[in-house]
Amino acid sequence: MTAEAPPAPALSYGRLIPVTVHFDDLDALGLLHNARYPLLVERAWAELWQANGIAFDGDWVAAGDACNAVKELSLTYEAPVTRPGPYAVHLWLDRLGTTGLTYGFRFCSADGAVTYARGSRVLVRLDATTLRPAPWSEGFRGAARELLRPDV
């Protein structure tokens, strides 16, 4: 008889994106290095947006909504990641403004049940020529609305 794993918790908002922690992501103590958390979250966001047709291919003018910059990053570590393997990043939007947005994230177990770190990041959409804030496109806004966290 084999035991079945408990079902993954259902997400009521956002998306759960698989990520992999590799051996060389660990520090000298065998813990996921603190600087790797934002990197893995960024990779998860890139995968999500690429699936929606939003990507950077080397041309900032053509990048459109992918031309953005980080204004603020907040990250809290809750439990150590002590081994390589499959994990996930739970992503959602807390706020979608005209030229900026705030997204939340959890670095978690592959099934989303265990949270290792959580945080938020503020992005500003930039005009590639002036590097001044620019409005998100309607296509981006439509995809982004699907990620908005309901009022809690």
Expected output: side-chain His33 to main-chain Ala35 donor-acceptor under 3.5 Å | yes
Is Leu75 close to Pro38 at the side-chain level, that is, under 4.5 Å between some pair of heavy atoms?
-> yes
Compute the centroid of each ring, for Tyr37 and then for Tyr116, and state whether the two points are separated by less than 6.0 Å.
-> no
State, to 0.1 Å, how close Leu48 and Leu147 come at their nearest heavy-atom pair, and which atoms those are.
-> CD2-CD1, 3.8 Å
Nearest non-hydrogen partners of Val89 and Phe107, listed with the distance = CG2-CD1, 3.9 Å
Looking only at side chains, do Arg118 and Thr76 share a donor and an acceptor under 3.5 Å apart?
-> no
Closest non-hydrogen atoms of Ala143 and Asn52, given as atom of the first, atom of the second and distance, are CB-OD1, 3.8 Å
Between Thr130 and Asp127, what is the shortest heavy-atom contact and its length?
-> N-OD1, 2.8 Å
Closest non-hydrogen atoms of Ala88 and Ala110, given as atom of the first, atom of the second and distance, are CB-O, 3.9 Å
Heavy-atom side-chain contact between Asn68 and Trp136 under 4.5 Å | yes
Co-membership, hydrophobic cluster, residues Val21 and Tyr77, 4.5 Å side-chain = yes
Say whether Thr102 and Asp94, considering side chains only, have a donor N or O and an acceptor N or O under 3.5 Å apart.
-> no
Can you check side chain to side chain contact (heavy atoms under 4.5 Å, CB included) on Leu91 and Leu16, steps first, answer last?
-> CA-CA 6 Å; Leu91 302 170; Leu16 196 62; over 6 Å; no
Hey, what do you get for CZ (Arg121) to OG (Ser74), rounding to the nearest 0.5 Å?
-> 12.5 Å
Are Leu73 and Leu93 in one and the same hydrophobic cluster, where Ile, Leu, Val, Met, Phe, Trp and Tyr link if side-chain heavy atoms are under 4.5 Å apart?
-> yes
Would the number of heavy atoms belonging to other residues, nucleotides or ligands and lying under 6.0 Å from CZ of Arg132 be above 12?
-> no
Any side-chain heavy atom of Tyr87 sitting closer than 4.5 Å to one from Leu32?
-> no
Mind checking ring-ring contact (aromatic ring centres under 6.0 Å, His included) for Phe105 and listing every partner two or more places apart, or none if nothing turns up?
-> none
Counting distance only, does the side-chain N/O of Trp49 pair as donor-acceptor with the main-chain N or O of Ala55 below 3.5 Å?
-> no
Mind running side chain to side chain contact (heavy atoms under 4.5 Å, CB included) on Leu31 and Val81 for me, showing each step along the way?
-> CA-CA 6 Å; Leu31 305 174; Val81 171; over 6 Å; no
Heavy atoms, side chains only, cut-off 4.5 Å: are Cys108 and Val114 in contact?
-> no
Kindly determine whether Arg15 and Glu146 satisfy salt bridge (Lys or Arg N to Asp or Glu O under 4.0 Å), including the steps that lead there.
-> CA-CA 10 Å; Arg15 293 272 312 276; Glu146 295 178 16; over 6 Å; no
Pro84 and Asp25, any side-chain heavy atoms less than 4.5 Å apart | no
Report yes or no: do Val41 and Ile17 belong to one cluster of Ile/Leu/Val/Met/Phe/Trp/Tyr joined by side chain heavy-atom distances under 4.5 Å?
-> yes
Relative to each other, are the rings of Trp45 and Tyr103 parallel, tilted or perpendicular (30° and 60° limits)?
-> tilted
Over all heavy atoms of both residues, which pair between Val19 and Leu40 is shortest? Give the atoms and the distance, please.
-> CG1-O, 3.9 Å
CG-CG distance between Asp151 and Leu148, expressed to the nearest 0.5 angstrom = 9.5 Å
Mind checking whether Leu96 and Val124 sit in one hydrophobic cluster, side chains of I, L, V, M, F, W, Y counted as touching below 4.5 Å?
-> no
Indicate yes or no: does Glu78 engage Arg106 in a salt bridge with an N to O separation below 4.0 Å.
-> no
Under a 4.5 Å side-chain heavy-atom rule over Ile, Leu, Val, Met, Phe, Trp and Tyr, are Trp60 and Leu123 clustered together?
-> no
Taking atom CZ of Arg83 as the centre, report whether more than 12 heavy atoms of other residues, nucleotides or ligands fall under 6.0 Å from it.
-> no
Just say parallel, tilted or perpendicular for the rings of Tyr13 and His90, cut-offs at 30° and 60°.
-> tilted
